[in-house]
Amino acid sequence: MYTQGLDQKPEAENQADQAEKLKQFQARIDADEKIEPKDWMPAAYRKTLIRQISQHAHSEIVGMLPEGNWITRAPTLRRKAILLAKVQDEAGHGLYLYSAAETLGVSRDELVDQLLSGKAKYSSIFNYPTLSWADIGAIGWLVDGAAIMNQIPLCRCSYGPYARAMVRVCKEESFHQRQGFEIMLTLCRGTEEQRYMAQDALNRWWWPSLMMFGPSDVDSKHSAQSMAWKIKRFSNDELRQKFIDVTVPQAEHLGLKMPDPDLKWNETRGHYDCGEIDWQEFHDVLKGNGPCNRERLEARNTAHDNGAWVREAAVAYANKHNSGREAA
Ligand code: FAQ
């Protein structure tokens with residue numbers, strides 16, 4: 001007790017230490033240095049990263065479900081092989097991201113439990129159904145397109161493991177975006193019915209894709225701090241605007257009509273203006289009341305239960321391997 005008392009610094013000295021550490025940390029961020037797992041970081045920085053990276057990982061994992069729905073029904077063997085590879089890529093992204101989150105001192109089991117119990121968020125976009133083959137094109141074109149717009153700046157995120165994971169993820173997402181656009185282009189150059197399918201998919205996926213960027217800047221509670229820490233490099237509205245600006249000409253190239261009567265080029269701003277997003281729909285989806293929220297969680301829980309034997313086998317193998325090593 002007595003020696004412990006000697007070890008403890010007086011409160012004021014502790015606070016001064018903390019303030020100095022925070023100052024040095026912010027100076028490293030401002031100098032664009034990467035923060036690595038063993039470096040000192042404020043508890044709130046760690047918490048924000050665990051929140052964002054794990055939500056991102058969950059999104060990749062749940063994001064396999066809408067497209068997985070079409071693997072058995074892809075129109076050709078070539079399309080099936082491409083879609084299989086894409087869905088596998090998303091699984092890989094989830095795994096890199098869980099690993100990046102683990103470097104912050106949280107276990108993958110804990111994160112997966114949070115997803116399966118419904119406690120953790122994942123991207124709103126994956127709570128919408130894939131009703132036709134054209135939806136697979138729309139997901140690649142719009143959803144991967146939005147994901148890239150949001151994730152390219154994350155390659156420069158201040159936290160090293162997250163930034164490095166994003167480099168490969170973005171390269172793969174870029175291939176995904178092109179394959180989606182190519183599906184849309186094929187449909188748009190096809191029959192009247194195929195063009196109708198493509199237009200219908202755009203009508204249903206456009207607004208949810210805009211919601212992927214998160215609440216508008218005035219309502220985004222984390223943005224200011226995340227930008228000061230250079231976790232985020234652009235605000236939600238800035239990225240949404242960039243996405244709209246690059247996507248509208250692509251829709252024109254496809255000969256499709258955007259489902260927004262207020263969408264028009266604003267010469268003064270040098271950007272497209274668009275209609276108001278239905279934020280009520282966004283909040284409903286976040287609360288678990290989107291068209292497929294329940295179905296998605298059920299599917300993940302079933303997959304987890306069905307995979308129990310694989311986890312048990314992996315643990316048994318690791319134990320056997322370790323005991324062999326100890327004996328040697
Ligand atoms: N859905 O204060 P902010 C993909 C939550 S990956 C659900 O603005 P922040 C690949 C937010 O978490 C897609 N929740 O928060 C793929 C926060 O909740 P909390 C995922 C959302 O973090 C393609 C609250 O609202 N990408 O698509 C959403 O500063 C095709 C307040 O919001 C990432 O995760 C939403 N849309 O900014 C896979 C990228 N938006 O935690 C398969 C990394 C916001 O306080 C097929 N994440 N919320 O309870 C980010 O860049 C950021 O976390 C944002 C949100 C921009 C998503």
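The figures here come from the full heavy-atom set of this structure, side chains too, leaving out hydrogens, waters and symmetry mates. Keep in mind that what you see is a predicted model, and the values were worked out from it rather than measured. Just so you know, ligand 1 is whichever comes first in the structure, and atom 1 is the first atom listed for that ligand.
- Those atoms of ligand 1 with a heavy atom of Glu60 less than 4.0 angstrom away are 6 (S), 10 (C), 16 (C), 38 (C).
- Contacts of Phe213 with ligand 1, taken as heavy-atom pairs under 4.0 Å, involve the backbone alone.
- Considering only non-hydrogen protein atoms, atom 26 (N) of ligand 1 sits nearest to His56 CD2, 3.8 Å.
- Ring-centre distance between His58 and Tyr98: below the 6.0 Å cut-off.
- Aromatic ring pairs are classed by plane angle as parallel below 30°, tilted from 30° to 60° and perpendicular above 60°; the pair Tyr317 and His321 is parallel.
- Protein heavy atom in closest approach to atom 24 (C) of ligand 1: Lys221 CE, 4.2 Å.
- Looking only at heavy atoms of the protein, atom 28 (C) of ligand 1 is closest to Phe282 CZ, 3.7 Å.
- Under the 6.0 Å distance and 45° angle rule, Lys242 counts as a cation-pi partner of Phe234.
- With hydrogens and angles left out, the side-chain atoms of Gln241 and Asp245 include a donor and acceptor closer than 3.5 Å.
- Within the set Ser123, Ser223, Ser235, the minimum heavy-atom distance to atom 13 (C) of ligand 1 is found for Ser123.
- Contacts between Phe126 and ligand 1, counted as non-hydrogen atom pairs separated by less than 4.0 Å, involve the side chain only.
- At a cut-off of 3.5 Å, with distance as the only test, no side-chain donor of Gln52 or His222 sits close to an acceptor on the other residue.
- Here the options are Gln151, Arg51, His93, the test is side chain to side chain donor-acceptor pair (under 3.5 Å), and the partner is His56; only Gln151 passes.
- Atom CZ of Arg73 has more than 12 neighbouring heavy atoms from other residues, nucleotides or ligands inside a 6.0 Å radius.
- Within a 6.0 Å sphere centred on CD of Glu20, heavy atoms belonging to other residues, nucleotides or ligands number more than 12.
- Taking every non-hydrogen atom of Pro215 and a distance limit under 4.0 Å, the qualifying atoms of ligand 1 come out as 8 (O), 32 (O), 40 (N), 44 (C).
- Heavy-atom contacts of Asn236 reach the following atoms of ligand 1: 8 (O), 56 (C) (cutoff under 4.0 Å).
- The aromatic rings of Phe243 and Trp206 lie parallel to each other, with less than 30° between the two planes, well short of the 60° mark.
- The residues Glu36 and Arg164 are annotated as salt-bridged, a charged nitrogen and a carboxylate oxygen being separated by less than 4.0 angstrom.
- The main-chain N or O of Val285 is found under 3.5 Å from a side-chain atom of Asn293 such that the two form a donor-acceptor pair.
- Here His222 has heavy atoms under 4.0 Å from ligand 1 in both its backbone and its side chain.
- From the protein, the heavy atom lying nearest to atom 25 (O) of ligand 1 is Leu286 CD2, 3.9 Å.
- Within a 4.0 Å radius of atom 56 (C) of ligand 1, the protein contributes at least one heavy atom.
- Taking every non-hydrogen atom of Ala147 and a distance limit under 4.0 Å, the qualifying atoms of ligand 1 come out as 4 (C), 27 (O).
- In this comparison of Ser124, Ala91, Ala57, the heavy atom closest to atom 1 (N) of ligand 1 sits on Ser124.
- Distances from atom 30 (C) of ligand 1 to the heavy atoms of Ile231, Asp144, Ile148 put Asp144 nearest.
- The pair Asp39-Arg28 meets the salt-bridge criterion, with a side-chain N (NZ, NE, NH1 or NH2) lying under 4.0 Å from an Asp/Glu carboxylate O.
- Side-chain atoms of Ser226 do not come within 3.5 Å of backbone N or O of Ile231 as any donor-acceptor pair.
- Within the 4.0 Å heavy-atom criterion, neither part of Ile125 lies near ligand 1.
- For atom 39 (C) of ligand 1, the closest heavy atom belonging to the protein is Asn150 OD1, 3.1 Å.
- With 3.5 Å as the limit, one finds a donor-acceptor pair spanning the side chains of Asn266 and Asp273.
- The distance from ligand 1 to the heavy atoms of Ser220 drops below 4.0 Å at these ligand atoms: 2 (O), 3 (P), 8 (O).
- Ranked by closest heavy atom to atom 46 (C) of ligand 1, the top entry among Glu173, Glu67, Arg233 is Glu67.
- Salt-bridge formation is not detected for the pair Arg311/Asp305: no Lys NZ or Arg NE/NH1/NH2 atom is positioned less than 4.0 Å from an Asp or Glu carboxylate oxygen.
- The distance from ligand 1 to the heavy atoms of Gly214 drops below 4.0 Å at these ligand atoms: 40 (N), 44 (C).
- Under a 4.0 Å criterion applied to the non-hydrogen atoms of Val143, ligand 1 contributes the atoms 23 (C), 30 (C).
- Taking each of Gln151, Gln177, Lys232 in turn, the one with a heavy atom nearest to atom 9 (P) of ligand 1 proves to be Lys232.
- Nearest to atom 19 (P) of ligand 1 among the protein's heavy atoms is Lys121 NZ, 3.6 Å.
- The environment of Arg178 atom CZ is sparse: at most 12 non-hydrogen atoms of other residues, nucleotides or ligands sit within 6.0 angstrom.
- Within ligand 1, counting atoms from 1 as listed, the ones closer than 4.0 Å to a heavy atom of Met212 are 27 (O), 36 (N).
- Contact annotation for Phe234 and ligand 1: no heavy atom of the residue comes within less than 4.0 Å of the ligand.
- Close to ligand 1: Lys86, with a non-hydrogen atom less than 4.0 angstrom away.
- Scanning all protein heavy atoms for the shortest distance to atom 42 (C) of ligand 1 gives Glu90 CD, 3.4 Å.
- Counting protein heavy atoms only, atom 50 (C) of ligand 1 is closest to Gln52 NE2, 3.5 Å.
- Between Met211 and ligand 1, at least one N/O pair is under 3.5 Å apart.
- There is no side-chain donor-acceptor pair under 3.5 Å between Thr103 and Tyr162.
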